[in-house]
Asker: 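Take this structure, written in structure tokens, and hold onto it; I'll ask about it next.
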Amino acid sequence: QLQLVESGGGSVQPGGSVRLSCGASGFTLDYYAIGWFRQAPGQEREGVSCITAGGSTNYVDSVKGRFTISRDSAKNTVYLQMNSLKPEDTAVYYCAAGFQLSCVLRDEYAYWGQGTQVTVSS
């Protein structure tokens, strides 16, 4: 059974940093495009960042320069490093895996994790 598990969420003050992890069981993440999405209360899910199997990355404009997506093949994990956090970054963050050849921020991914909450507040 293919499973994705997010971790690393929590509460942080504005300007702080959080690193989210997306781990997998049952499959090797290196072979998949991985997307990070977020959903704030009352809002639609939004694509935040993605990385293809080939290493191409993409970011939504609101996080460019602040968030970085990366892979650790040895740990079968994809990370989302989030710096200079703002209250508007508060959301449940999800990782997703798919077969896309290009880096897309649409929720067309095949496999999804359960999400981890990130709260940015003073």
Side-chain angles (χ1 to χ4, degrees):
Q1 185 176 359
L2 306 182
Q3 284 188 313
L4 292 171
V5 179
E6 303 93 339
S7 62
S11 296
V12 62
Q13 293 186 341
S17 298
V18 168
R19 188 178 75 165
L20 302 182
S21 300
C22 176
S25 60
F27 63 111
T28 301
L29 291 179
D30 279 356
Y31 301 140
Y32 292 81
I34 305 298
W36 281 100
F37 294 78
R38 65 186 179 187
Q39 188 167 23
Q43 297 187 21
E44 294 186 353
R45 189 160 57 190
E46 173 189 39
V48 175
S49 182
C50 55
I51 184 168
T52 65
S56 298
T57 60
N58 195 14
Y59 301 89
V60 68
D61 285 347
S62 60
V63 308
K64 285 181 179 177
R66 300 189 297 123
F67 290 12
T68 303
I69 191 170
S70 63
R71 293 182 183 271
D72 186 332
S73 299
K75 295 183 178 180
N76 199 29
T77 300
V78 173
Y79 300 104
L80 185 67
Q81 178 68 44
M82 307 190 294
N83 299 329
S84 302
L85 283 162
K86 305 175 181 180
E88 51 263 43
D89 295 318
T90 295
V92 177
Y93 283 73
Y94 301 87
C95 68
F99 306 102
Q100 293 84 344
L101 296 180
S102 59
C103 200
V104 297
L105 296 178
R106 299 183 298 274
D107 56 354
E108 300 169 351
Y109 291 74
Y111 307 104
W112 290 82
Q114 295 299 307
T116 185
Q117 176 72 44
V118 174
T119 302
V120 185
S121 173
S122 55

Asker: Looking at the rings of Y32 and F27, which for Trp means the six-membered one, are their centres under 6.0 Å apart?
Answerer: yes
Asker: Restricting to pairs with a member in residues 52-96, which pass disulfide bond (SG atoms under 2.5 Å apart), not counting sequence neighbours?
Answerer: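 Sorted pair list: C22-C95.
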Asker: Does any part of the side chain of L4, heavy atoms only, come nearer than 4.5 Å to the side chain of W112, both counted from C-beta?
Answerer: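 Sidechains of L4 and W112: no contact.
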Asker: Mind checking the OH-CG spacing from Y79 to L20? Nearest 0.5 Å is all I need.
Answerer: 11.5 Å
Asker: Distance to the ring centre below 6.0 angstrom and angle to the axis at most 45 degrees; does that hold for R19 and W36?
Answerer: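 No, cation not above the ring by the 6.0 Å, 45° rule.
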Asker: Can you check whether V63's main-chain N or O pairs, donor with acceptor, with D89's side chain at less than 3.5 Å?
Answerer: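 Not confirmed, D89 side chain does not pair with V63 backbone.
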Asker: Would a single hydrophobic cluster contain both V104 and Y111, if residues Ile, Leu, Val, Met, Phe, Trp and Tyr are joined by side-chain heavy-atom contacts under 4.5 Å?
Answerer: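 Cluster IDs for Y111 and V104 differ.
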Asker: Name the atoms and distances for all side-chain donor-acceptor pairs under 3.5 Å in residues 7-15, with sequence neighbours left out.
Answerer:
none

Asker: CZ/R45 to CG/L105 distance, rounded to the nearest 0.5 angstrom?
Answerer: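 Those atoms lie 12.5 Å apart.
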Asker: Find the distance between CD (E6) and CG (L80) and round it off to the nearest 0.5 Å.
Answerer: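 Answer for the CD-CG pair, E6 versus L80, is 11.0 Å.
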Asker: Which value, rounded to the nearest 0.5 Å, describes the distance between Q100 atom CD and T52 atom OG1?
Answerer: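 Nearest 0.5 Å value for the CD-OG1 distance: 10.5 Å.
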Asker: Verify, without hydrogens or angle tests, whether Y31 (side chain) and F99 (backbone) share a donor-acceptor contact under 3.5 angstrom.
Answerer: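 Here the side-chain-to-backbone pair does not exist.
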Asker: Under a 3.5 Å distance rule, please check whether Q3 uses its side chain to pair with a backbone N or O of A24 as donor and acceptor.
Answerer: no
Asker: Quick one: does any side-chain atom of N76 pair with a main-chain N or O of G23 as donor and acceptor, under 3.5 Å?
Answerer: no
Asker: Under 3.5 Å, side chain of T77 to main-chain N/O of K75, donor-acceptor pair present?
Answerer: yes
Asker: With sequence neighbours excluded, what pairs up with Y93 under the side chain to side chain donor-acceptor pair (under 3.5 Å) test?
Answerer: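 Residues passing side chain to side chain donor-acceptor pair (under 3.5 Å) with Y93: R38.
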Asker: Would you compute the distance between atom CD1 of I69 and atom CD of Q81 and round it to the nearest 0.5 angstrom?
Answerer: 12.0 Å
